Amino acid sequence: MKLLPKEHANLVEQAIRAAQAAGDLPAFDIPEIEVRPPKRPEQGDYAASVALQLAKPAKLNPFHIATQIAHHMPAADFVSAVEVLHPGFINFRLNPEWLKAQVDSIITEGENLFQLDLGVGKRAQVEFVSANPTGPLHVGRSRGAIVGDSIARILEATGYSVEREYYFNNAGVQMTNLGNSLRLRYLEALGMPVEIPGADDKTFYHGDYLRDFAKQLIAEKRNTLVEEDWLPFKEYAEVKMFEIIRTTLKRVNIHHEVFFNENSLYDSGAVWKILEALEKGGYVYESNIRENADEEEREKAKNYAPAKWFRSTTFGDKEDRVVVKSDGNPTYTLPDIAYHANKIERGFDLLVNILGADHFTQHQVVKYGIQALNMDSSKIHVILVQLVRMIKDGEVQKISTRAGAIETLDDLIDQTSADAVRYILLARSPDSHLDFDLDAAVAQTNENPVYYIQNAHVRCAGIFRQTSDISDDGADLSLLGDAEMTFIRKALELGDVLEFSAVNLEPHKIAFYAHELASVFHPIYDNVRVLSTDVSPDLAKARLRFYRAAQVVFKRVLNLMGMTAPEVM
RNA sequence: GCUCCCAUAGCGCAGUGGAUAGCGCGUCGGUCUUCUAAACCGUAGGUCGCAGGUUCGAAUCCUGCUGGGGGCACCA
């Protein structure tokens with residue numbers, strides 16, 4: 001399938017060169033030519049404003065330039081007319097015959113509709129979710145999960161070979177706390193005298209899931225673990241937690257090819273090698289306080305033991321960061337830098353990392369670390385998704401894994417549907433804060449955009465259920481009307497939306513496009529009937545062919561968003 | 001205080017420097033004996049937070065300000 005903006009831009013460029021060669025336009029450098037569908041139908045199907053940009057360099061009035069460009073415009077099978085409008089827009093109209101033929105092209109491409117070659121031969125990695133196995137996935141994590149997986153799908157559709165990766169840490173204080181928490185729940189479930197910490201105890205995980213784990217653990221091991229410390233409990237909880245997380249992700253159609261354990265960076269010695277490299281570069285110093293600290297800070301740090309600091313200020317950070325604590329253990333920063341260095345060494349052409357907005361500072365420090373290692377950080381693209389807040393009964397819910405006050409992704413799916421959750425979390429710019437109004441999502445289920453879009457696919461499927469005895473092979477597409485062509489025009493924009501989403505890593509564009517496409521479809525469905533006594537067999541055949549193409553487009557778009565394309569609702 | 005994101009219709013949000021700024025919900029009024037009415041048609045609703053600047057042209061780019069949210073631990 002053609003990417004029409006590009007095709008038109010090529011024509012314009014050829015026309016400008018031709019006009020210059022003929023002496024009808026003066027010499028000037030040709031800028032990047034942008035062509036896109038204008039807002040209003042009377043302004044054509046595609047429009048270029050390049051003549052307006054050229055007025056200055058060419059020292060001519062834009063209308064004249066546009067006229068000359070139009071005059072030299074080469075012919076193309078997809079263009080039927082070129083118009084020039086004041087103050088200097090060049091408007092194209094698609095050739096109706098060509099347009100109608102696209103119905104067959106769409107059906108031929110099928111599930112690979114607008115499969116692009118942007119990333120062919122290239123490897124991309126998308127890292128997302130990356131939650132430590134301390135609790136079920138909550139809503140805050142879910143947004144990054146959906147955005148990450150959707151980006152992966154879009155990259156696949158543009159030809160990339162994509163790996164989805166999940167980075168996690170199963171060591172550290174939080175996991176010890178988790179082990180301890182399960183241990184207490186285990187003893188509690190055995191009826192032993194234990195004191196469960198209060199809700200404000202930050203070392204205890206209060207979630208009910210640990211009660212469940214404790215019961216299962218007793219079923220498996222009885223009371224044989226009574227004398228054990230936190231470790232076997234931590235190991236048990238970790239395995240169980242990952243099972244749950246994977247199952248939850250599967251429910252929303254997400255799976256990761258690689259689970260990368262932070263520990264492996266210690267096992268391989270990578271963490272210390274990175275530290276050594278940073279030290280060699282002169283980016284590390286030992287002190288009880290960062291350089292350039294003010295008097296107040298110095299006073300506070302007077303009694304601290306020395307730690308190792310990364311001089312990230314060299315790269316524009318506002319303060320240096322501790323990489324090795326005074327107790328000799330690295331902070332999260334060091335393995336994080338090692339992890340990203342590892343990613344780069346694995347030779348991906350594109351690295352995408354989905355992070356919550358609260359990790360902004362962290363990713364900056366990691367980036368400075370990569371620079372200090374003299375590695376190319378330009379392949380790393382970080383998508384920061386703004387925080388999600390749950391609104392319930394009109395009030396903001398506090399989310400805290402430790403306190404057990406969690407709105408989990410599972411709850412959300414149970415109360416709505418996997419497709420609805422995906423769409424709601426996807427259909428927003430990542431930069432925009434998202435208030436997930438649970439009451440509205442549940443109550444307005446029938447008006448949720450997800451069903452509006454899926455219903456278009458369902459309606460197509462409904463037609464084919466009723467017409468299994470009619471073949472649409474060899475349909476005469478010239479019988480199709482203007483309404484159907486409005487839809488085909490919109491459908492042909494999918495490739496551009498896809499390319500834009502991939503290049504800019506903005507998957508929400510697909511979500512909005514899907515809704516626009518459905519809103520073009522539904523009115524047509526109402527008026528363009530297949531089974532009606534006043535529709536001739538030939539016309540019915542042509543319309544059937546049209547709906548087959550429409551169904552292909554909706555299925556492709558829904559798949560790109562990781563949603564199902566149901567036959568019935 | 002430093003920093004990141006946001007501010008567009010009553011509410012929730014799109015908007016890639018171009019032509020008369022859009023969509024959903026909600027308002028009001030219509031449409032099912034015909035392939036799914038989870039739909040369609042019509043209606044009302046705007047100082048694009050404020051003030052400057054750049055440009056032939058600014059919701060979009062720059063500066064400042066105001067308001068809301070996030071981040072600024074030897075936690076991850």
Side-chain angles (χ1 to χ4, degrees), chain A residues 34 36 38-40 42-43 47-50 52-53 55-56 61-62 85-89 91 130-132 134 169 172-175 202 262 288-290 301 304-309 318-319 321-327 329-333 335-336 356-362 364 384-387 389 427-435 437 440 444-456 458-467 496 500 503-504 506 508-509 511-512 515-516 518-519 521-527 529-535 540 543-544 547 568-569:
Chain A
E34 282 194 24
R36 68 180 60 165
K39 286 175 197 154
R40 306 181 162 274
E42 63 268 26
Q43 293 164 347
S49 62
V50 68
L52 299 167
Q53 298 166 48
K56 204 170 213 178
N61 95 54
L85 268 81
H86 281 286
F89 290 99
N91 297 338
S130 296
N132 287 337
T134 56
N169 171 14
V173 180
Q174 295 305 335
M175 290 304 289
K202 295 197 164 151
E262 181 184 316
N288 69 324
I289 183 81
R290 66 183 176 88
Y304 286 10
K308 289 191 176 180
W309 297 76
K318 61 170 180 153
E319 58 187 43
R321 311 283 171 172
V322 171
V323 283
V324 181
K325 296 184 266 185
S326 48
D327 64 6
N329 291 315
T331 61
Y332 65 90
T333 304
D336 224 1
D358 52 338
H359 287 64
F360 172 76
T361 310
Q362 177 193 356
Q364 289 283 50
L384 290 171
V385 297
Q386 293 297 316
L387 301 186
R389 296 191 306 177
R428 181 140 330 181
S429 160
D431 285 340
S432 200
H433 297 153
L434 196 160
D435 285 346
D437 190 330
Q444 297 179 5
T445 288
N446 291 353
E447 281 138 21
N448 196 308
V450 67
Y451 301 107
Y452 183 77
I453 297 162
Q454 287 180 321
N455 190 33
V458 167
R459 284 178 136 183
C460 292
I463 297 175
F464 292 109
R465 268 198 304 278
Q466 304 289 324
T467 57
D496 316 317
F500 187 91
V503 171
N504 298 293
E506 291 184 2
H508 70 284
K509 301 273 181 185
F512 283 97
H515 191 269
E516 286 172 23
S519 71
F521 175 84
H522 285 301
I524 295 170
Y525 176 89
D526 270 1
N527 294 312
R529 314 296 286 184
V530 176
L531 296 173
S532 175
T533 47
D534 58 352
V535 174
R543 288 180 173 177
L544 208 52
Y547 283 112
V568 289
M569 293 198 314

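Every value quoted in this text rests on a predicted model; they were computed, and no experiment measured them. Proteins get letters first, then strands, A, B, ... in listed order; numbering begins at 1 in each.
- Among rC75(B), rU36(B), rG22(B), the nucleotide with an atom closest to any side-chain atom of V568(A) is rU36(B).
- Considering only the side chain of R459(A), rU36(B) comes nearest among rC74(B), rU36(B), rG1(B).
- Side chain of N132(A) to backbone of N169(A): a donor-acceptor contact under 3.5 angstrom is found.
- Scored by the side-chain contact (heavy atoms from CB on, under 4.5 Å) test, E516(A) finds K490(A) as partners (sequence neighbours excluded).
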Sugar-phosphate atoms are those with a prime plus P, OP1 and OP2; base atoms are the rest. Using that split, label each nucleotide of nucleotides 11-18 of chain B B, S or - for protein heavy atoms under 4.0 Å, 5' to 3'.
-> -SSSSB-B
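- For V535(A), the side-chain contact (heavy atoms from CB on, under 4.5 Å) test picks out S532(A), L539(A), A540(A), R543(A), with sequence neighbours left out.
- Not a single salt bridge (charged side-chain N to carboxylate O under 4.0 Å, His left out) links D431(A) to another residue, sequence neighbours left out.
- As rounded to whole Å, 10 Å separates atom C1' of rA76(B) from atom CG of D358(A).
- Look at the P atom in both rG64(B) and rU3(B): the space between them is 9 Å, to the nearest Å.
- Closest to the side chain of R465(A), from the set rC6(B), rC75(B), rU36(B), is rU36(B).
- For E506(A), the salt bridge (charged side-chain N to carboxylate O under 4.0 Å, His left out) partners two or more places apart in sequence, or in a different chain, are K509(A).
- Side-chain proximity of R40(A) to the nucleotides rG22(B), rU36(B), rG71(B) is greatest for rG22(B).
- With hydrogens and angles left out, the side chain of S326(A) and the base of rC74(B) share a donor-acceptor pair within 3.5 Å.
- Candidate nucleotides rC40(B), rC4(B), rA76(B) were compared by shortest atom distance to the side chain of E262(A), and rA76(B) ranks first.
- Toward the 5′ end of RNA chain B lies the nearest nucleotide of F360(A), the other residue of the pair F360(A) and T467(A) mapping further downstream.
- For E319(A), the side-chain contact (heavy atoms from CB on, under 4.5 Å) test picks out R290(A), R321(A), with sequence neighbours left out.
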